[in-house]
Amino acid sequence: MDGEMRGIVEHLQKVRRINIPVYQRNYAWNTNNCNQLFNDLMTIIQRMNSNDLRSLDHFFGLVVVEGSGKSEEEYVIDGQQRITTISLLFLAIQQRLNDSKINSVLMIDDTDELKLKLNPADSKAYQCLFDSTKTKINGSNITNNFEFFKSKVEGLNDSELNDLLKALNHLKIMLVNIGYGEDPQKIFESLNSTGVDLTEGDKIRNFILMNERMDEQQKCFKDFWQPIEQNTNGQTTDFFKYYLTFNLTKAPTSQNLYWSFVSYYNFVVDAKNGLESKELKQRLLEQLKGYSIAYQHILRADTGNSQIDEILYRLGKLNKSVVNSFLMPLLYDFDNQRISAEEIVKILATVETYLARRSIVSASTNTLSKTFGSMYREMMRLKKNVTDSSLSEIVSYILLNKQGAGKFPTDAEIKNQFQNGDFYNINPAFRTYLFERLENQDNVEKVSIYDEIEAKKYSVEHIMPQHLSQSWVKELGSNYDEIHNKYLHNIGNLTLTGYNSQYSNRSFKEKQTMEKGFKESHFRNLNALPAKANQWGPSTNESTYRCCIESLAAN
C-alpha cells in the first residue's frame with residue numbers, strides 16, 4: 001500500500017479508466033454536498049484574487065483505489081462520491097465552454113468511451129448527460145447534481161469560469177493505492193469503522209461482493225444483489241435486520257448489524273458436510289434472494305392471494321414493522337409451497353388480532369421485537385412435538401399464553417377500554433386502522449379510508465363537539481359538563497366525515513339532517529346509529545360502543 005497527496009484533476013487526467021465496482025453503493029451526494037464543494041471553490045478563488053499568502057490548496061478527502069493509481073486502470077474502493085461529483089462539474093464546464101481539452105478528464109483518450117464507469121444503477125443517468133439525443137433521467141442524483149452545477153456555471157462570466165478551472169487544480173486528495181495483492185475488504189472495514197456515511201446494508205453488499213474476481217462480482221451483482229435491492233425497494237438494511245432476527249431469534253443492534261451478518265455468513269459458508277464454501281455461499285445467496293421476495297410481499301402486499309394481501313396491507317398500515325421478522329420466513333414458506341394459503345390467512349388473522357387488541361389497550365410495544373423475533377422458530381419447534389395441531393393453532397397458543405408485558409388482552413379489558421378509553425388522542429395510524437375495520441370488515445364495497453385520510457379528504461369528527469354550543473348544552477341537560485368530559489373522546493362520539501368544517505359545532509339534529517349529514521353518509525357502519533338516533537347522549541354513546549365490540553368480534 002502506498003499513498004500520496006495529489007490533485008484530483010491531475011489524477012483524473014492521468015488515469016485511463018476509473019471503475020466503480022458493483023459492490024459500491026449508488027451515487028448518494030445531493031445538491032447540498034455539491035453546493036458545499038462549489039462554495040469551497042469560491043473561497044479558493046477569493047484567496048487567489050486577494051493575494052492571500054495562505055496555501056490555496058484545499059484537501060478534498062481520501063480516495064482509495066485498487067490498481068495502478070497512475071496511468072492505466074483502477075477500481076475505486078473509497079471516494080467514488082468525490083470523483084463522480086468532480087466529473088459532473090467538469091461536464092457542466094465543458095458544455096458551457098465547448099472545450100474538447102476537458103475531455104481528458106471525462107473521456108478515454110482518442111475515443112468516445114467514457115473514462116468513468118459507474119455502477120449499473122447510475123451508469124444510464126450518467127451516459128444520458130453526454131448524449132443530447134437521450135432524455136435525462138429525472139430524480140437521479142446524477143442528473144440533479146449536473147443540473148445544479150450547470151446552473152452555477154452558466155451564471156459565471158468567462159473570467160470567473162477561468163478562475164473556477166484554476167481553483168479546481170487546487171483540490172487535493174490523499175490517494176491510497178492498495179495494489180492487487182492486498183485485501184480490499186480489510187481496507188474497507190478499516191475505513192468504515194471511522195464513521196464514513198454508509199448504511200449497514202451498503203457494508204453488507206460490499207462484504208458479499210468485494211472479494212470476488214471482477215467477472216464474478218458482475219455475475220453476483222446481476223443474479224443476486226440487484227434483485228435483492230429491487231425486491232426490498234432499496235431497504236436492504238431493514239431486510240437484513242429482519243433476516244438476522246429470525247435466524248438468530250433476537251434483533252441485532254443497528255450499530256452491530258454488519259458484524260452480526262459477517263459472523264452469521266462465516267458460520268453458514270464454513271466448508272462442511274462435503275460442501276465447499278463457494279457452494280454454500282451460492283446457497284445462501286439464493287436463499288437471501290428468496291427471502292427478499294417474501295419481504296417484497298410485506299412491502300407491497302402482492303402475494304397474489306387477495307385474502308393474504310388484504311391482511312398484509314392492513315398490517316403495514318399499523319406501522320408495527322417488528323412483526324416482519326416473523327412474516328418473512330412465513331411468506332418464504334408460502335412461496336415455496338410449504339404452508340397453504342388457507343393456513344397463512346389464519347395465522348395472519350391471529351397476528352392482526354393480537355396487534356390490534358394490544359393497540360386498543362395501549363399496551364407497551366417494547367416486547368414485540370422479542371415476541372416476533374423468536375416466534376417462527378418457536379412455531380416450528382412446537383409443530384414437531386404437536387403434529388396433530390395446525391400451525392395457525394400453534395400461533396394462537398403461543399400468543400394466548402404470553403404473560404406479563406406481552407400478554408394477549410382479554411375480552412374484559414377490550415370492553416373496558418372501548419367503554420372508557422380516549423380514542424381521539426391515540427396513535428393516528430391505529431385510529432385510522434380502527435375506523436377502517438369498523439366500517440369495512442363486513443362491507444362488500446369497501447370504502448377507501450386509508451387513501452382518503454392520507455389525502456386529507458376524510459377527517460375525524462366529534463359528534464358531540466369539542467366546544468359545546470348553547471343548543472348542545474340544552475340537549476345534554478343539567479349535567480352536560482360531566483357528560484362532555486366523560487364521552488368527548490369516547491369511541492361512541494367519534495366518526496369520519498369529509499365535511500368536518502360544515503359540521504362544526506352544529507346541533508345533533510342539524511348534523512344528522514343537513515346535506516351530506518349523517519342520514520346521507522356513505523359510511524354504512526360508522527354512521528349507522530347517528531343516522532337514526534333521535535338525540536345524542538350517554539345512551540347512544542353506549543349503543544355505539546356495543547356495536548364496536550360486536551363488529552370487531554365478528555371480524
Side-chain angles (χ1 to χ4, degrees), residues 1-21 23-25 27-29 33-34 36-38 40-41 43-45 48 55-94 97 99-119 122-123 126-127 129-130 142 145-146 149 153 161-182 184 187-188 190-191 196 214:
M1 181 188 299
D2 60 72
E4 64 171 307
M5 289 293 292
R6 180 185 288 187
I8 190 167
V9 176
E10 175 192 1
H11 181 66
L12 292 175
Q13 288 173 326
K14 286 184 176 180
V15 178
R16 182 174 180 273
R17 176 74 60 79
I18 301 173
N19 297 287
I20 306 299
Y23 60 73
Q24 291 278 17
R25 64 174 172 172
Y27 179 63
W29 271 26
N33 302 115
C34 295
Q36 181 61 56
L37 169 61
F38 200 82
D40 290 340
L41 291 167
T43 299
I44 295 173
I45 292 172
M48 286 174 10
S55 172
L56 298 177
D57 290 345
H58 177 82
F59 181 60
F60 193 43
L62 180 71
V63 173
V64 182
V65 300
E66 180 182 19
S68 70
K70 297 186 182 299
S71 60
E72 289 301 321
E73 187 168 11
E74 67 186 23
Y75 295 87
V76 178
I77 305 301
D78 190 66
Q80 68 137 325
Q81 306 293 327
R82 298 178 182 87
I83 290 173
T84 305
T85 302
I86 287 296
S87 75
L88 294 174
L89 176 53
F90 266 104
L91 178 58
I93 296 171
Q94 192 245 20
L97 294 176
D99 188 347
S100 60
K101 290 184 293 183
I102 297 177
N103 283 347
S104 63
V105 176
L106 300 170
M107 308 285 188
I108 295 177
D109 292 342
D110 302 322
T111 77
D112 289 330
E113 192 173 356
L114 298 181
K115 176 178 292 188
L116 179 60
K117 297 296 183 182
L118 299 178
N119 66 33
D122 298 316
S123 180
Y126 187 67
Q127 291 176 21
L129 301 179
F130 290 82
I142 293 284
N145 292 350
F146 169 74
F149 283 134
V153 167
L161 199 53
N162 186 55
D163 285 344
L164 178 61
L165 285 169
K166 291 179 181 177
L168 279 162
N169 288 308
H170 291 285
L171 286 182
K172 303 294 183 179
I173 58 172
M174 170 56 74
L175 180 69
V176 176
N177 176 25
I178 67 171
Y180 287 113
E182 301 179 65
I187 302 296
F188 166 79
S190 175
L191 288 169
V196 177
M214 286 301 159

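- The CD atom of Glu10 lies 9.0 Å from the CG atom of Asn169; values are rounded to the nearest 0.5 Å.
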Exercise for review: Could you give me the CA-CA distance, side-chain angles and deciding distance for Asp122 and Thr84, then say whether side-chain contact (heavy atoms from CB on, under 4.5 Å) is met?
Suggested key: CA-CA 10 Å; Asp122 298 316; Thr84 305; over 6 Å; no

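- The ring pair (Phe, Tyr, Trp, His ring centres under 6.0 Å) search around Phe130 returns Tyr126, not counting sequence neighbours.
- Proximity of Val153 to Leu89: side-chain heavy atoms (C-beta onward) are separated by under 4.5 Å at one or more points.
- When all heavy atoms are compared, the tightest approach of Arg16 to Lys115 is O-CG, 3.5 Å.
- Looking only at distances, a side-chain donor or acceptor of Arg82 sits under 3.5 Å from a matching main-chain atom of Leu62.
- Of all the heavy atoms in Ile102 and Phe90, the pair that sits closest is CG2-CD2, 3.6 Å.
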**Study point:** Stepwise side-chain contact (heavy atoms from CB on, under 4.5 Å) test for Asp163 and Met48
**Key:** CA-CA 9 Å; Asp163 285 344; Met48 286 174 10; 4.2 Å; yes

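- If you take CG on Leu118 and OG on Ser87, they are separated by 7.0 Å, rounding to the nearest 0.5 Å.
- Side-chain contact check for Val64 versus Tyr75: every heavy-atom pair is 4.5 Å or farther apart.
- Closest approach of Tyr23 to Val76, counting heavy atoms only: OH-O, 4.1 Å.
- Among all heavy-atom pairs drawn from Ile45 and Ala167, the shortest one is CG1-CB, 3.8 Å.
- Residue Val9 forms a side-chain contact (heavy atoms from CB on, under 4.5 Å) with just one option from Leu165, Ile173, Leu168, and that option is Leu168.
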Exercise for review: Check the pair Phe38, Asn33 against side-chain contact (heavy atoms from CB on, under 4.5 Å), reporting the backbone distance first and the verdict last.
Suggested key: CA-CA 9 Å; Phe38 200 82; Asn33 302 115; over 6 Å; no

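- In summary, the side chains of Tyr27 and Asn145 do present a donor paired with an acceptor at a separation below 3.5 Å, with no hydrogens or angles considered.
- Side-chain atoms of Asn19 and Glu74 form no donor-acceptor pair, as typed in the model, at a separation below 3.5 Å.
- Ring planes of Trp29 and Phe60: perpendicular class, angle over 60° (limits at 30 and 60°).
- A donor-acceptor pair under 3.5 Å is absent between the side-chain atoms of Asp78 and the main chain of Val63, judged by distance alone.
- Counting all heavy atoms, side chain and backbone alike, Ile44 lies closest to His58 at CD1-CB, 3.7 Å.
- No side-chain donor-acceptor contact under 3.5 Å links Gln80 to the backbone of Gln24.
- For Lys172 (side chain) and Ile8 (main-chain N/O), no donor-acceptor pair under 3.5 Å exists by modelled atom type.
- The distance from atom CZ of Phe146 to atom SG of Cys34, rounded to the nearest 0.5 Å, is 12.0 Å.
- When atom types are taken as modelled, the side chain of Gln81 and the backbone of Ala28 share a donor-acceptor pair closer than 3.5 angstrom.
- Note that NE2 of His11 is 12.5 Å distant from CD1 of Ile86, once rounded to the nearest 0.5 Å.
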Check your understanding: Which is it for Val65 and Leu175 under the side-chain contact (heavy atoms from CB on, under 4.5 Å) test, yes or no, and what are the steps along the way?
Key -> CA-CA 8 Å; Val65 300; Leu175 180 69; 4.1 Å; yes

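- In this structure, the separation between CG on Leu12 and CG on Leu171 is 10.5 Å, given to the nearest 0.5 Å.
- Applying the side-chain hydrogen bond (donor to acceptor under 3.5 Å, both in side chains) rule to Ser123 yields the partners Gln127; only residues at least two apart in sequence or on another chain are considered.
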